[in-house]
Amino acid sequence: MKDLLHRQLTAILSELKYPPVEISFDRPKVESHGDLTTNVAMVLAKSVGKNPRQVAQSIVEKLQVDNRTFASVEIAGPGFINFKFSNAYVVESAKIILRSGELFGKSNASSGKKTNVEWVSANPTGPLHSGHGRQVILGKVISNLLEWTGHNVTREYYFNNAGNQMRNLAESIYARYRQELGDDYPFPEEGYKGDYIIDIAKQIVKEKGDSLRETDAERSYFKQVGETWCFNKIKETLSKLDVRHDVFYNEDTLYSTGKIAEVIEEFKKKDLAYDSEGAVWFRATKFGADKDRVIVKSSGEPTYRLPDIAYHREKFRRGFELIVDIFGADHIATIPDVLNGVQALGYETKDVKVIIHQMVSFVNGEEVVKMSKRSANVHTLDELIDEVGVDAVSYFFVMRSVGTHLEFDIALAKEQSEKNPVYYLQYAHARIAGILRFAEQEGFNSAEYAKILEATNFALMKEKEEIDLLKKLLEFPEVVQSCALTFEPHRLTTYLREVAETFHRFYHEHRVINDDKNLMQARLTVCLMAKIVIANGCKILGVSCPEKM
RNA sequence: GCAUCCGUAGCUCAACUGGAUAGAGCGUUGGCCUCCGAAGCCAAAGGUUUCGGGUUCGAAUCCCGACGGGUGUACCA
């Protein structure tokens, strides 16, 4: 519809000899302003030297609107042109919901664009903590959104099982192991203090007794057991949230296949890297950084930047056209370096989308939940899931825009009442399911969309609340696209809440089950369409839609 | 200090990326079940969008400056 109007308006502008401008349509906030609005007249006004309302008038006079589609076209306010759809158009359009069913909202807008989404990427040094939840859910929902808009998505997890952190893990487990054996053995100062380390140590005692008291300096057995334990734990948590990565990419492969050395060499050749003070430096200042960065320490070990750069190059080489990275705000410092490095290697940074989400704080009603990073009692993501459930976790972590701090109220998430936004949405779905169950006794089969399309007299949908609901439902594909395009999944939760609200209002105003069979059929169909949209939206969010609650 | 994100109703947050009268939830106050699910609906109250400048037809949104908060600022990741 927008396309059609767009073409018409473009033609009119050139006919009136107005300069070409970008024509855009918005959805007005206020109902009385119609369903679509454009500001072209106001944009044109200055260059044309007329007042905007006059410009609008001249355009509208030329406009050939189909009165089966539009109920009205009006000039309003400072010079907006407002279009209002006819009920017939809305009702006819709504048939697409039944025709598409579970596919309603999907598109091929990005026509199979090969896309890599990397997230979580926590090293196997411990279980995921509750703060990780935001990232876990964001990545999941963003991947889903991209898929719904036609991207060919590879879900990826990048990890490092070498280096300092893993050494530290091994030392921590070893220390706990010795302590379990009754030795007075010191715990490393920077060690991982969580209880899970003790669990792992106990497991080793159980399996190996005291035979590992004298072990190699690398503590390789402890490292390997620790890694396996942690990874299993992480994967278990992810699978509870239905997060499944396609690729687990080990940083080590970048070394073993020579990719790291290759990058250094190439940087040096391009004079983007140099030796100094026994280390290798990247000329970050060439890209506007305040100082150059070390990429290989004087010890010979690369810093995290180097493998990160090499890794992103590999993503390009693997053929990805869009690379999405999801980081917490605490990792923000690494991003410019990686982007600069990627650019230096000749790739477009515009094809790398870095999503940085702000931190999460937890609150239990009035009480602030403190969670210090290396302390013993970090709240794990598993515990959070056990406490509030998968649905609340999925919904809460994605309901705020990524740019703002997220306050997670555990008490609210746990509460099974109307205060909880997850339940509001699920209730709408269950309520519809209840009505449809009731209607089955009257012979309404809600599973056969094609028959329903045949049997329903769509012209009977004419109540205001009914039309409002259909309009809202028809926005769904656009919402999905815009969420995917802007990487802002929270807008989907906002939208779904509006759908539920609009449905409840319709339900409250008009009886669905009634004596007029045709009217009942029409209204049941409206309910069913609302159910489809809510279900599809929840699918993207990973929130369940119960038939009963 | 520098980088970066943010500052909107008592609280938690929206605002379709520059549009018309800034909206929701919670909380507060009042109303609605002889009838399809009241985990619902309706109504009221609540605002100088932190402050000060600027850009233009038009600013919560863009620019500059203050103030306040988060996160970084390593030859840790």
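Scope of the values below: all heavy atoms of this structure, side chains included, with no hydrogens, waters or symmetry mates.
Residues A/P78 and A/F438 each lie close to RNA chain B; by heavy-atom proximity, the contact nearer the 5' end of the strand is made by A/P78.
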Polar atom pairs between nucleotides 8-12 of chain B and protein, under 3.5 Å, N or O only, would you list them?
| from | atom 1 | to | atom 2 | distance (Å) |
| --- | --- | --- | --- | --- |
| B/U12 | O2' | A/R400 | NH2 | 3.1 |

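Here the side chain of A/D26 is nearest to one of B/G19, B/C36, B/A74, namely B/G19. In this structure, of B/A20, B/G37, B/C57, it is B/C57 that holds the atom nearest to the side chain of A/K46. The nucleotide whose nearest atom lies closest to any side-chain atom of A/E501 is, among B/A14, B/C75, B/A24, B/A24. When distances are taken from the side chain of A/E488 to each of B/G37, B/C75, B/U17, the shortest belongs to B/U17. The side chain of A/H504 lies closest to B/C41 when the candidates are B/G72, B/C36, B/C41. Side-chain proximity of A/V294 to the nucleotides B/C75, B/A77, B/A15 is greatest for B/C75. Counting only heavy atoms from C-beta on, A/M359 has its side chain closest to B/U71 among B/U71, B/A77, B/C42.
Base contact: A/E547 has a heavy atom under 4.0 Å from a base atom. Counting non-hydrogen atoms under 4.0 angstrom, A/E509 reaches nothing in the nucleic acid. Residue contacts shown for A/T494 are limited to sugar-phosphate atoms, with no base heavy atom under 4.0 Å away. Residue contacts for A/H357: at a heavy-atom cut-off of 4.0 Å it reaches no nucleic acid atom on any strand shown. Contact annotation for A/V30: no contact, since no heavy-atom pair falls under 4.0 Å across all strands. A/R437 comes within contact range of at least one nucleobase, with a heavy-atom separation under 4.0 Å. The residue A/A333 sits close only to the backbone: its heavy atoms come under 4.0 Å of sugar-phosphate atoms, none of a base. Residue contacts shown for A/Q358 include a base, since a base heavy atom lies under 4.0 Å away. The residue A/M520 sits apart from the nucleic acid: no heavy atom pair falls under 4.0 Å. Contact annotation for A/D292: no contact, since no heavy-atom pair falls under 4.0 Å across all strands.
Applying a 4.0 Å cut-off to non-hydrogen atoms, the residues of residues 32-42 of chain A that approach RNA chain B are A/H33, A/T37, A/N39, A/M42, listed by residue number. Within residues 423-432 of chain A, the residues having any heavy atom closer than 4.0 Å to RNA chain B are, in order of number, A/Y423, A/Y424, A/Y427, A/A430, A/R431.
One can place CZ of A/F408 at 16 Å from C1' of B/C26, the figure rounded to the nearest angstrom. In this structure, the CG atom of A/D337 is 11 Å from the P atom of B/C75, given to the nearest Å. In this structure, the CD atom of A/E466 is 19 Å from the P atom of B/C36, given to the nearest Å. Atom-to-atom, CG of A/L436 to C1' of B/G37 comes out at 12 Å; the value is rounded to the nearest Å. Spacing between atom CZ of A/R511 and atom P of B/G37 amounts to 9 Å, rounded to whole angstrom units.
For residues 120-131 of chain A, no pair satisfies salt bridge (charged side-chain N to carboxylate O under 4.0 Å, His left out), with sequence neighbours left out. Sorted by first and then second residue, the salt bridge (charged side-chain N to carboxylate O under 4.0 Å, His left out) pairs involving residues 423-441 of chain A (not counting sequence neighbours) form an empty list.
Here A/Y424 and A/H504 bring their ring centres to under 6.0 angstrom of each other. Aromatic pair A/F282/A/F267: ring centres closer than 6.0 Å.
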Using a 4.0 Å cut-off on protein heavy atoms (strictly under), produce a 5'-to-3' string for nucleotides 27-34 of chain B with B for base contact, S for backbone-only sugar-phosphate contact, and - for none. S-------
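Base pairing in RNA chain B gives the following stems of 3 or more Watson-Crick or G-U pairs, range against range and under 3.5 Å: B:1-7 with B:67-73, B:10-13 with B:23-26, B:28-32 with B:40-44, B:50-54 with B:62-66.
The side chain of A/H490 contributes an N or O atom lying less than 4.0 Å from OP1 or OP2 of B/A15. Side-chain N/O atoms of A/K297 include one lying less than 4.0 angstrom from OP1 or OP2 on B/C76. An OP1 or OP2 oxygen of B/C76 is reached within less than 4.0 angstrom by no side-chain nitrogen or oxygen of A/T303. Put simply, A/K29 has no side-chain N or O that comes within less than 4.0 Å of OP1 or OP2 on B/A22. Contact annotation: A/T404 side-chain N/O to B/A14 OP1/OP2 distance is under 4.0 Å.
In this structure, the side-chain hydrogen bond (donor to acceptor under 3.5 Å, both in side chains) partners of A/E156, at least two apart in sequence or on a different chain, are A/N116, A/Y311, A/R318. Residues that satisfy the ring pair (Phe, Tyr, Trp, His ring centres under 6.0 Å) test with A/F25, not counting sequence neighbours, are absent from this structure. A/R283 meets the side-chain hydrogen bond (donor to acceptor under 3.5 Å, both in side chains) test with A/D271; sequence neighbours excluded. Applying the ring pair (Phe, Tyr, Trp, His ring centres under 6.0 Å) criterion to A/Y423, with sequence neighbours excluded, gives no partner residue.
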Identify each donor-acceptor pair in which a side-chain atom of residues 398-405 of chain A lies under 3.5 Å from a protein atom, sequence neighbours left out, and give them as a table.
| from | atom 1 | to | atom 2 | distance (Å) |
| --- | --- | --- | --- | --- |
| A/T404 | OG1 | A/S401 | O | 3.2 |
| A/H405 | NE2 | A/S361 | OG | 3.3 |

Could you walk me through whether A/N161 and A/E227 pass the side-chain hydrogen bond (donor to acceptor under 3.5 Å, both in side chains) check? CA-CA 7 Å; A/N161 59 356; A/E227 179 184 339; 3.1 Å; yes
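B/C35 has its base anti relative to the sugar, with a glycosidic angle deviating from 0 by more than 90°.
In the model, A/N82 has no side-chain atom that pairs as donor or acceptor with a side-chain atom of A/E74 under 3.5 Å.
In terms of heavy-atom proximity, A/R523 sits nearest to A/N514 at NH1-ND2, 3.9 Å.
Of the options A/F231, A/Y158, A/Y157, a ring-ring contact (aromatic ring centres under 6.0 Å, His included) to A/H245 is made by A/Y157 and by none of the others.
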